[in-house]
K.L.:
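Please read through the structure below; I'll follow up with questions.
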Amino acid sequence: MSAVDQIRRLAREVGFDDCRIAAAAEAAHAGEFREWIADGCHGEMAWMERTPERRCDPREVLAGCRSVVCLALNYYPGRTAGEGYRIARYAWNDDYHDIVEKMLKRMDEGMVALGGVQRYYVDTGPVLERDHATAAGLGWSGKSTVQIHPRLGTWTFLAELLTTLELPADPPFGDHCGKCVRCMDACPTQAITAPHRVDARRCVSYLTIEHKGSIPEEFREAIGDRLYGCDECLEVCPWNRFAQVSREARFHAREEVFALKPRDFLGLDDEAFRGLFAKSPIKRIKRARFLRNVCVVLGNTGAVEDLPALRGAAEDPDPLIAEHAAWALARVTARLGGS
Ligand code: B12
Ligand code: SF4
Ligand code: SF4
């Protein structure tokens with residue numbers, strides 16, 4: 001069996017849904033990436049500015065890199081979970097970084113046996129993951145910038161091993177968005193400022209996860225009931241018609257979380273927050289940012305029964321929570337007719 005066939009078999013065995021190969025070369029849209037950074041679209045994600053030459057070319061990350069093994073993992077956990085709020089599906093349960101890294105480690109061990117030296121990443125490495133996936137024909141980069149897999153749709157994590165092994169590259173799949181602009185129309189904050197360009201500073205995913213301070217008031221209403229992340233440009237994509245629920249139960253909705261209403265989250269102290277979101281990506285944003293988000297959701301959707309919890313949050317010693325709770329109280333009170 002050839003090395004590439006062994007690698008594909010290994011990818012299947014460890015649980016990936018697809019595996020394709022790109023030649024190690026400068027990322028096709030390195031220029032667009034540099035412009036995106038120059039325009040400040042990355043907001044406060046300063047780590048994205050560092051070492052652009054590495055991020056744009058895998059050969060700068062791994063000496064002697066010849067190929068990029070591109071992987072996709074279906075995480076689709078189902079259509080709905082929770083009442084009165086939405087959490088982006090990738091965060092419905094355990095953190096994918098931990099799960100996928102273990103899978104990549106097994107792939108690496110198998111590839112070492114084939115004589116390769118590897119560096120592997122899932123999300124956190126200096127790699128333009130979608131560009132390599134596109135080059136390898138692992139679907140294509142949609143107008144939303146989300147990578148679309150023809151069979152799995154938008155609900156995939158991407159991961160890759162940079163390797164010194166010289167493997168035959170797969171052909172690209174080609175762009176299949178056609179005239180569709182559904183994602184651009186659906187985006188609640190007009191963050192997709194042009195096809196294939198997302199201004200992170202406007203994106204609800206950025207505002208509710210990466211952004212550390214106060215959420216600019218101009219976006220609070222548009223955030224609606226989105227408590228953590230945003231799936232809007234994924235949900236509307238017609239390529240999700242074949243999406244199947246992931247085999248990985250650790251991505252399925254965590255019942256203890258989704259049994260709670262938004263106002264219940266306001267009662268979480270630090271310890272309870274860490275317990276509820278143990279192993280979850282949500283734990284990373286910590287209690288204050290999460291409760292900030294809860295207040296925004298309640299400001300948009302809350303009713304009379306949410307007022308006591310919001311009044312309590314307005315007294316929170318953390319000014320980030322108190323300020324957003326005060327904003328939410330004013331909004332709910334105004335909706336109730338000012339009483
Ligand atoms: C920073 C980041 C974010 C930022 C910025 C997003 C963005 N669009 O840039 C924020 C916080 C907003 C974010 C949000 C989300 N993210 Co994110 N994020 C990243 C990260 C770390 C870097 C992305 C990056 O380099 N951005 C810079 C811009 C310039 O690059 P890009 O958007 O990826 O665009 C590339 C292509 O669009 C292409 N391109 C550019 N111009 C053109 C023009 C044409 C014609 C074509 C064909 C292609 C093309 O080249 C670009 C450069 O490579 C990646 C992991 C990684 N290391 O790659 C994950 C990653 C992109 N995120 C991921 C996920 C799941 C999400 C969310 C769905 C989470 C959620 N539900 O809330 C949202 C989706 C929002 C969206 N529409 O992108 C997954 C996406 C998987 C997939 N199937 O696409 C990734 C790959 C992590 C992973 N390993 O699985 N994310
Ligand atoms: S994740 Fe939401 S806010 Fe961000 S680009 Fe997609 S639809 Fe717009
Ligand atoms: S919604 Fe339409 S334009 Fe957007 S990524 Fe999907 S197919 Fe492409």
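Remember, it's 1-based here, ligands and their atoms both numbered in the order they're listed.
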K.L.:
Can you tell me which residue and heavy atom of the protein come closest to atom 8 (N) of ligand 1, and the distance to 0.1 Å?
P.N.:
Thr145 OG1, 3.0 Å
K.L.:
Is there a nitrogen or oxygen of Asp131 sitting under 3.5 Å from a nitrogen or oxygen of ligand 1?
P.N.:
yes
K.L.:
Quick check on the 6.0 Å ring-centre criterion: do Phe251 and Phe157 meet it?
P.N.:
yes
K.L.:
If you measure from each non-hydrogen atom of Ile148 to ligand 3, which part falls under 4.0 Å: side chain, backbone, both or neither?
P.N.:
side chain
K.L.:
Which salt bridge (Lys or Arg N to Asp or Glu O under 4.0 Å) pairs, counting each pair once, include a residue from residues 119-139, with sequence neighbours left out?
P.N.:
none
K.L.:
Determine yes or no for a side-chain-to-main-chain donor-acceptor pair under 3.5 angstrom, with His324 supplying the side chain and Trp327 the backbone.
P.N.:
no
K.L.:
Is there a path of hydrophobic side-chain contacts, each under 4.5 Å between heavy atoms of I, L, V, M, F, W or Y residues, that connects Val296 with Ile285?
P.N.:
no
K.L.:
Can you pull out the closest protein heavy atom to atom 75 (C) of ligand 1? Residue, atom name and distance to 0.1 Å, please.
P.N.:
Cys203 SG, 4.4 Å
K.L.:
Please list the nearest protein heavy atom to atom 9 (O) of ligand 1 with its residue and the distance rounded to 0.1 Å.
P.N.:
Trp36 CZ2, 3.4 Å
K.L.:
Protein heavy atoms near atom 79 (C) of ligand 1, is at least one of them under 4.0 angstrom away?
P.N.:
no
K.L.:
Any carboxylate oxygen within less than 4.0 angstrom of a Lys/Arg side-chain nitrogen, looking at Asp318 and Lys286?
P.N.:
no
K.L.:
Are the aromatic rings of Trp92 and Tyr75 close, with centres under 6.0 Å apart?
P.N.:
no
K.L.:
Please state whether Ser144 comes within less than 4.0 angstrom of ligand 1, counting heavy atoms only.
P.N.:
yes
K.L.:
Would you confirm whether Arg263, through its side chain, and Gly302, through its main-chain N or O, come within 3.5 Å as a donor-acceptor pair?
P.N.:
no
K.L.:
Does ligand 1 come near enough to Gly229 that some N or O of the ligand is less than 3.5 Å from an N or O of the residue?
P.N.:
no
K.L.:
Is it the case that ligand 1 has an N or O less than 3.5 angstrom from some N or O of Leu128?
P.N.:
no
K.L.:
At a 4.0 Å threshold, what atoms of ligand 2 neighbour a non-hydrogen atom of Ile192?
P.N.:
5 (S)
K.L.:
Polar-atom distance check: Cys230 versus ligand 1, any N or O pair below 3.5 Å?
P.N.:
yes
K.L.:
If you measure from the Lys or Arg side-chain nitrogens to the Asp or Glu carboxylate oxygens, is any gap between Arg311 and Glu315 under 4.0 Å?
P.N.:
no
K.L.:
Taking atom 2 (Fe) of ligand 2 as the centre, count the protein N/O/S atoms lying under 2.8 Å from it.
P.N.:
1
K.L.:
Tyr206 to ligand 1: N or O pair under 3.5 Å?
P.N.:
no
K.L.:
Do any nitrogen or oxygen atoms of Tyr75 come within less than 3.5 Å of a nitrogen or oxygen of ligand 1?
P.N.:
no
K.L.:
Does a side-chain N-to-carboxylate-O contact under 4.0 Å join Arg247 and Asp17?
P.N.:
yes
K.L.:
Determine, considering heavy atoms only, which of Met48, Glu210, His29 sits nearest to atom 39 (N) of ligand 1.
P.N.:
His29
K.L.:
Going by the rule ring-ring contact (aromatic ring centres under 6.0 Å, His included), which residues pair with His196 if we only count those two or more places apart in sequence or in a different chain?
P.N.:
none
K.L.:
On the 0 to 90° scale, with breaks at 30° and 60°, tag the His42-Trp36 ring pair as parallel, tilted or perpendicular.
P.N.:
tilted
K.L.:
Look at atom 68 (C) of ligand 1 and say which protein heavy atom is nearest, naming residue and atom and giving the distance to 0.1 Å.
P.N.:
Leu234 CD1, 3.8 Å
K.L.:
Please check if Tyr85 and Phe219 belong to a single hydrophobic cluster, counting links between Ile, Leu, Val, Met, Phe, Trp and Tyr side chain heavy atoms closer than 4.5 Å.
P.N.:
no
K.L.:
Picking from His252, Arg250, Glu255, Arg254, what satisfies side chain to side chain donor-acceptor pair (under 3.5 Å) with Asn93?
P.N.:
Arg254
K.L.:
Under a 4.0 Å threshold between the charged nitrogen and the carboxylate oxygen, would Arg331 count as salt-bridged to Glu221?
P.N.:
yes
K.L.:
Is there a polar contact between ligand 1 and Arg130, counting only N or O atoms under 3.5 Å apart?
P.N.:
yes
K.L.:
Tell me, which protein residue and heavy-atom name are nearest atom 67 (C) of ligand 1, and how many Å apart are they?
P.N.:
Ser205 OG, 4.5 Å
K.L.:
Looking at ligand 1, does Tyr228 have a heavy atom less than 4.0 Å from it?
P.N.:
no
K.L.:
Which ligand 1 atoms, with their elements, are less than 4.0 angstrom from a heavy-atom of Phe157?
P.N.:
90 (O)
K.L.:
Considering Leu207, Ile87, Val146, which one's heavy-atom position lies nearest to atom 74 (C) of ligand 1?
P.N.:
Val146
K.L.:
Does atom 59 (C) of ligand 1 have a protein heavy-atom neighbour under 4.0 Å away?
P.N.:
yes
K.L.:
Sort by chain and number the protein N/O/S atoms found under 2.8 Å from atom 2 (Fe) of ligand 3.
P.N.:
Cys180 SG
K.L.:
Look at atom 19 (C) of ligand 1 and say which protein heavy atom is nearest, naming residue and atom and giving the distance to 0.1 Å.
P.N.:
Asp123 OD1, 4.4 Å
K.L.:
Among all the protein's non-hydrogen atoms, which is closest to atom 36 (C) of ligand 1, and how far away is it?
P.N.:
Ser141 OG, 3.3 Å
K.L.:
If you measure every N/O of Glu32 against every N/O of ligand 1, is any gap under 3.5 Å?
P.N.:
no
K.L.:
Starting from atom 88 (C) of ligand 1, which protein heavy atom do you reach first, and at what distance in Å?
P.N.:
Glu129 OE1, 3.5 Å
K.L.:
Please list, in number order, the atoms of ligand 1 under 4.0 Å from a heavy atom of Tyr96.
P.N.:
87 (C), 88 (C)
K.L.:
Where the side chain of Arg54 meets the backbone of Arg50, is there a donor-acceptor pair that is under 3.5 Å apart?
P.N.:
no
